Amino acid sequence: MNIQFDVAIVGGGLVGLATACALSQYALNIAIIDSKIHQSESFPHAEIGIRASAINGASQRYFSQIGIWDDLFNSNRVQEFTEIGVWEKNGQAHLSAHAKDYSYPNLGYIIENNVISHYLYQYALNCSNINIFSCEAIDCTFNDDFAFLTLADKTVLQSKLMIGADGAHSWVRRCKNISVFERDYIHHAVITTVETEYPHRFCARQVFYPDGIIAFLPLWDEYKSCLVWSTKPDNAETLTALCESEFSNELLALTGDKVGKCKLINPRMVFPLKARFAKQFVKHRLVLIGDAAHTIHPLAGQGVNLGFQDSALLVSIIKQLIDTQKDIGLVNNLKSFEFNRRKDTLVMLTAMRTIQDMFNGDNVLKKTLRTIGMNAINHSSLLKKQLIKYAMHI
């Protein structure tokens, strides 16, 4: 069976779903292909998600454009944070900022990934021009006019444009033989949810120490946070094997009295961290977005925001092409997307590498430089405001 669409999106994660929902507003027939997509069906009322994202101003505006922000906000599972606190264990480097100092209502939002996914999925289900295929894709081919995607049940989807939003190990990227630059951060991320002894007070906290980085993302319950602990691979495995009390003691030894003792709410998950950068974001009738195009270290919480920025720009360009009656799948018509997103991603990749390298290890010279640098930023209101505006994408 051959079914025709305007756009076929492989990957029903946050970025793929957001792209489908946004494109649905422009009278396009859209297919989403993901064998695990129905995991987004039910709202996680009692469960607190293991993974959460720091959503910046640009992503929040994109959710409003799509039409899910009010539902998200009214779910009581959105936590705005108004303060950031960054410090170095056994060092003098320190950085803090409060939204009120810059007349901002907040510095961003922390939302569980499964909550965002739920509302995007519900939106997609209610769109008559979005078709969801909970099936594995097994082959893709292209001719001058169309992309063809073959599913495991032998269904063939024909589209003017295929979008690869299928994650860091993208099948679409491999299918189209797009090579990728990779750099191992020599870190694994231990991710879980914790209940802290002290309330988070709407503050996102991050501590650097010679072997890693620990971040607390404040959740909708004032005593609960998403913990992202980036550390060397062997230490990550050790941390996941510790009993809860030993894990809590290790965490307390590095974070001091900032959050107090922590109690585990969810199991600990481990993710290897690599910088990835696809050498092409665009090919004939194909675009890569989100983690399929790039991955970065989570230390600044910008990974998912980069993906949503990919999505928002691509949707805007497709709308312009439709309005001017141009082919949405031609490489030349999509070059502006590739140019802009490659540029922004390279800036972020470079920044993450610089920060991680600067804080890696206990070299005396590096320690002196990062103390001088961070404290200089911390005492410069203008410079700090510029960094905050860049992170918030405003």
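Note that the structure is predicted; figures quoted are calculated from it, not measured.
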Carefully, step by step, assess Ile318 and Leu161 under the rule side-chain contact (heavy atoms from CB on, under 4.5 Å). CA-CA 10 Å; Ile318 289 174; Leu161 177 67; 3.8 Å; yes
[X] (side chain) donor-acceptor with [Y] (main chain) under 3.5 angstrom:
{"X": "Arg342", "Y": "Lys279", "result": "yes"}
{"X": "Arg341", "Y": "Leu306", "result": "yes"}
{"X": "Ser170", "Y": "Asp166", "result": "no"}
{"X": "Ser311", "Y": "Gly307", "result": "no"}
{"X": "Arg268", "Y": "Leu242", "result": "yes"}
{"X": "Asn126", "Y": "Gln122", "result": "yes"}
{"X": "Glu83", "Y": "Cys203", "result": "no"}
{"X": "His294", "Y": "Gly303", "result": "no"}
{"X": "Gln25", "Y": "Gln65", "result": "yes"}
{"X": "Arg205", "Y": "Trp87", "result": "no"}

Around atom [atom1] of [X], are there more than 12 heavy atoms from other residues, nucleotides or ligands closer than 6.0 Å?
{"X": "Lys160", "atom1": "NZ", "result": "no"}
{"X": "Lys263", "atom1": "NZ", "result": "no"}
{"X": "Arg51", "atom1": "CZ", "result": "no"}
{"X": "Glu244", "atom1": "CD", "result": "yes"}
{"X": "Arg174", "atom1": "CZ", "result": "yes"}

Derivation and outcome, side-chain contact (heavy atoms from CB on, under 4.5 Å), residues Phe216 and Leu251: CA-CA 11 Å; Phe216 290 90; Leu251 194 52; 4.1 Å; yes
[atom1]/[X] to [atom2]/[Y] distance, rounded to the nearest 0.5 angstrom?
{"X": "Ile111", "Y": "Leu217", "atom1": "CD1", "atom2": "CG", "result": "12.0 Å"}
{"X": "Phe277", "Y": "Glu182", "atom1": "CZ", "atom2": "CD", "result": "13.5 Å"}
{"X": "Lys274", "Y": "Thr295", "atom1": "NZ", "atom2": "OG1", "result": "9.0 Å"}
{"X": "Thr196", "Y": "Asp221", "atom1": "OG1", "atom2": "CG", "result": "8.5 Å"}
{"X": "Phe148", "Y": "Gln4", "atom1": "CZ", "atom2": "CD", "result": "8.5 Å"}
{"X": "Trp171", "Y": "Ile33", "atom1": "CH2", "atom2": "CD1", "result": "9.0 Å"}

[X] versus [Y]: any side-chain heavy-atom pair under 4.5 Å?
{"X": "Glu195", "Y": "Lys224", "answer": "yes"}
{"X": "Ile322", "Y": "Asp6", "answer": "no"}
{"X": "Tyr209", "Y": "Asp211", "answer": "yes"}
{"X": "His188", "Y": "Glu237", "answer": "yes"}
{"X": "Val194", "Y": "Val259", "answer": "no"}
{"X": "Asp323", "Y": "Gln320", "answer": "no"}
{"X": "Phe202", "Y": "Ile110", "answer": "no"}
{"X": "Val315", "Y": "Tyr62", "answer": "yes"}

Honestly curious: do [X] and [Y] fall in one hydrophobic cluster under the side-chain, below-4.5 Å linking rule?
{"X": "Val304", "Y": "Leu346", "answer": "yes"}
{"X": "Leu125", "Y": "Leu17", "answer": "yes"}
{"X": "Leu321", "Y": "Ile9", "answer": "yes"}
{"X": "Val287", "Y": "Val180", "answer": "no"}
{"X": "Trp220", "Y": "Tyr223", "answer": "no"}

Minimal non-hydrogen separation, [X] against [Y], with atom names:
{"X": "Cys135", "Y": "Leu151", "value": "SG-CB, 3.9 Å"}
{"X": "Pro267", "Y": "Thr192", "value": "O-OG1, 3.1 Å"}
{"X": "Ala99", "Y": "Pro105", "value": "CB-C, 4.2 Å"}
{"X": "Ile317", "Y": "Ser336", "value": "CD1-OG, 3.3 Å"}
{"X": "Ser75", "Y": "Val115", "value": "OG-CG1, 4.2 Å"}
{"X": "Ser248", "Y": "Cys262", "value": "OG-O, 2.9 Å"}

Which one of Thr150, Val10, Leu149 satisfies the side chain to side chain contact (heavy atoms under 4.5 Å, CB included) criterion with Cys140?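 Only match with Cys140 under side chain to side chain contact (heavy atoms under 4.5 Å, CB included): Leu149.
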Test applied, side chain to side chain contact (heavy atoms under 4.5 Å, CB included); reference residue, Glu338; option that passes from Val282, Leu288, Val331: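 Output: one option passes, namely Val282.
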Whether the [X] and [Y] side chains hold a donor-acceptor pair (N or O, under 3.5 Å, no angle test) is what I'd like checked.
{"X": "Ser24", "Y": "Asn129", "answer": "no"}
{"X": "Asn266", "Y": "Thr193", "answer": "yes"}
{"X": "Ser59", "Y": "Asn56", "answer": "yes"}

Could you label the plane-to-plane angle of the [X] and [Y] rings as parallel, tilted or perpendicular, counting under 30° as parallel and over 60° as perpendicular?
{"X": "Trp69", "Y": "Tyr109", "result": "perpendicular"}
{"X": "Phe337", "Y": "Phe281", "result": "tilted"}
{"X": "Trp229", "Y": "Phe247", "result": "tilted"}

cation_pi(Lys176, Phe142) dist<6.0 Å, angle<=45: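 Output yes; distance and angle both within limits.
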side-chain contact (heavy atoms from CB on, under 4.5 Å) assessment of Gln206 paired with Ile84: CA-CA 8 Å; Gln206 193 166 53; Ile84 57 171; over 6 Å; no
Electrostatic pair Asp327:Arg285 at N-O distance under 4.0 angstrom: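 So Asp327 pairs with Arg285 through a salt bridge.
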Ionic contact status for Glu112 with Arg77, cut-off 4.0 Å: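 The answer is yes: the pair qualifies as a salt bridge.
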Are the aromatic ring centres of Phe63 and Phe73 under 6.0 angstrom apart?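 Judged by ring-centre distance (under 6.0 Å), Phe63 and Phe73 do not meet the cut-off.
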Quick one, Arg183 with His297, criterion side-chain contact (heavy atoms from CB on, under 4.5 Å). Give me CA distance, side-chain angles, the key distance, then yes/no. CA-CA 11 Å; Arg183 177 182 183 262; His297 199 289; over 6 Å; no
